[in-house]
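Single-structure report; data block below.
A, B, ... follow the sequence lines: proteins, then strands. Residue 1 opens every chain. Quick note: numbers below take in every heavy atom, side chains included, and nothing from hydrogens, waters or symmetry partners.
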2 protein chains.
Amino acid sequence: MARLSDIIEDFIKDMIDETDGQVEIQRNELAGYFNCVPSQINYVIATRFNSERGYFVESKRGGGGHITISRMSTDKPYDYIMHIILSIGDEISKHSADINIDNVADLELISEEEKNLLKAAINDNSLKSVPVFLRDKVRADILKNMLMKTII
Amino acid sequence: MARLSDIIEDFIKDMIDETDGQVEIQRNELAGYFNCVPSQINYVIATRFNSERGYFVESKRGGGGHITISRMSTDKPYDYIMHIILSIGDEISKHSADINIDNVADLELISEEEKNLLKAAINDNSLKSVPVFLRDKVRADILKNMLMKTII
DNA sequence: ATAATAAAGTCAGAGAAAGTCAAAGGTGAT
DNA sequence: ATCACCTTTGACTTTCTCTGACTTTATTAT
């Protein structure tokens with residue numbers, strides 16, 4: 001069941017696709033279009049267009065204010081995946097791992113099949129025998145190791 | 001005498017049949033339909049739609065939340081993968097896992113990329129934080145879970 | 001300069017949905 | 001009649017979304 005936030009997310013993503021990786025929106029105008037409070041736009045941006053998901057957001061208040069959302073460049077897939085690997089750290093939650101995997105899949109750096117395998121490898125079903133206090137650590141190791149394999 | 005859980009199980013299976021292997025349900029709605037507490041739906045899913053039985057379950061909480069149940073593909077070529085999954089048992093060595101992976105790759109049931117990812121996921125580098133006595137068990141869980149995903 | 005106006009930002013609370021877990025209740029085999 | 005196992009229930013928890021009042025910042029008009 002697609003929630004309003006999902007619809008707004010798709011709308012913004014379509015705009016970004018049409019404008020080559022960057023878009024400038026007016027928060028109030030967008031909120032008016034979708035008949036919601038302006039702060040919902042902030043919510044969508046905070047949860048869907050954050051840096052973990054590969055976006056960069058700038059804004060300006062006051063008259064002529066606006067929000068600019070940029071998709072990170074993927075000119076060099078190797079560098080981008082390496083950057084993600086380096087950013088992962090010693091531990092990662094399933095939720096956060098999923099976001100990273102979706103991210104590289106959205107950028108078409110890996111295929112749908114590879115995405116599915118990555119997600120299957122790090123979900124709690126795969127790790128059910130690992131003591132809970134160790135899971136996020138093992139998850140990080142697996143994810144980094146697998147991502148590394150995609151650029152070798 | 002069919003218990004309520006059996007009835008719910010059949011109901012969900014019928015939905016899956018009608019929708020080509022995958023269905024999205026609302027836990028509360030379904031519980032309302034069957035006049036039971038919502039957690040009974042969790043019970044049915046945990047006992048009838050687990051991975052041993054060939055299902056994959058994902059879910060999302062909060063507004064717009066839902067539960068998605070996917071059944072493995074019934075295409076003939078994949079019987080072999082199911083066979084391997086069932087033959088793996090509770091534990092598997094890295095060597096033995098590699099042999100199985102090469103096997104399905106040789107039969108072209110998975111691509112080269114998928115083969116590489118499977119191997120990366122279960123090697124000792126991925127599992128370096130897992131106590132040695134648990135490694136072969138975790139390896140088996142990951143391998144089975146990933147192979148299952150290839151036939152969903 | 002100052003005031004008015006026009007944006008965007010923050011944050012906490014309400015609401016919506018699913019997850020967990022342990023206790024209670026049935027059922028079937030011995 | 002008992003024991004082991006399966007099912008049902010419900011109180012409590014966690015996660016995700018939506019809303020609105022209040023704050024901050026930038027521009028424009030006086």
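In this structure, the CD1 atom of B:I41 is 14 Å from the C1' atom of C:dA17, given to the nearest Å. Atom CD1 in A:I69 sits about 10 Å away from atom P in C:dG9, given to the nearest Å. For the pair A:D124 CG and C:dT20 C1', the computed distance is 14 Å after rounding to whole Å. Rounded to whole Å, the distance from CD on A:E9 to C1' on D:dT17 is 13 Å. Taking atom CG of residue B:D6 and atom C1' of nucleotide D:dT8, one finds them 13 Å apart after rounding to whole Å. Following rounding to the nearest Å, A:K94 (NZ) and D:dT14 (P) show an atom-to-atom distance of 18 Å. Nucleotide D:dC6 holds its P atom 17 Å from the CG atom of B:L4, rounded to whole Å. Atom-to-atom, CD1 of A:I99 to P of D:dT15 comes out at 13 Å; the value is rounded to the nearest Å.
Between B:Q40 and D:dT7 there is no side-chain N or O to OP1 or OP2 distance below 4.0 Å. Between B:S5 and D:dT8 there is a side-chain polar atom (N or O) within less than 4.0 angstrom of OP1 or OP2. Phosphate proximity of D:dT27 to A:K60: present, with a side-chain N or O under 4.0 Å from OP1 or OP2. Residue A:N28 places at least one side-chain N or O closer than 4.0 Å to OP1 or OP2 of C:dA8. When the side-chain nitrogen and oxygen atoms of A:R3 are compared with OP1 and OP2 of C:dA16, none of them lie within a distance under 4.0 Å. The side chain of B:S59 places an N or O atom within less than 4.0 Å of a non-bridging phosphate oxygen (OP1 or OP2) of C:dG19. Put simply, B:Y43 has no side-chain N or O that comes within less than 4.0 Å of OP1 or OP2 on D:dT8. Of the side-chain N and O atoms in A:R27, none sit less than 4.0 angstrom from OP1 or OP2 of D:dT25.
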Item to check | ring pair (Phe, Tyr, Trp, His ring centres under 6.0 Å) evaluation trace for A:F34 with A:F11 | outcome: CA-CA 10 Å; A:F34 286 107; A:F11 184 84; 5.2 Å; yes
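Nearest nucleotide to the side chain of B:R61, out of D:dG10, C:dA7, D:dT14: D:dT14. Between C:dA7, D:dT17, C:dG19, one nucleotide has an atom nearer to the side chain of B:N42 than all others, and that is C:dG19.
Residue contacts for B:T47: at a heavy-atom cut-off of 4.0 Å it reaches no nucleic acid atom on any strand shown. Contacts of B:I67 with the nucleic acid, taken as non-hydrogen atoms under 4.0 Å apart, involve only primed sugar atoms and P, OP1 or OP2. Using a 4.0 Å heavy-atom distance criterion, B:G62 is classed as a base contact.
The closest donor-acceptor contact from the side chain of A:R71 to the backbone of A:Y55 lies at 3.5 Å or more, if one exists at all. At least one donor-acceptor pair under 3.5 Å links the side chain of B:S93 to the backbone N or O of B:S96.
Considering only residues two or more places apart in sequence or on other chains, A:E114 meets the side chain to side chain donor-acceptor pair (under 3.5 Å) condition with A:S111.
A salt bridge is absent between A:K94 and A:D136: the closest approach of a Lys/Arg side-chain nitrogen to an acidic carboxylate oxygen does not fall below 4.0 angstrom.
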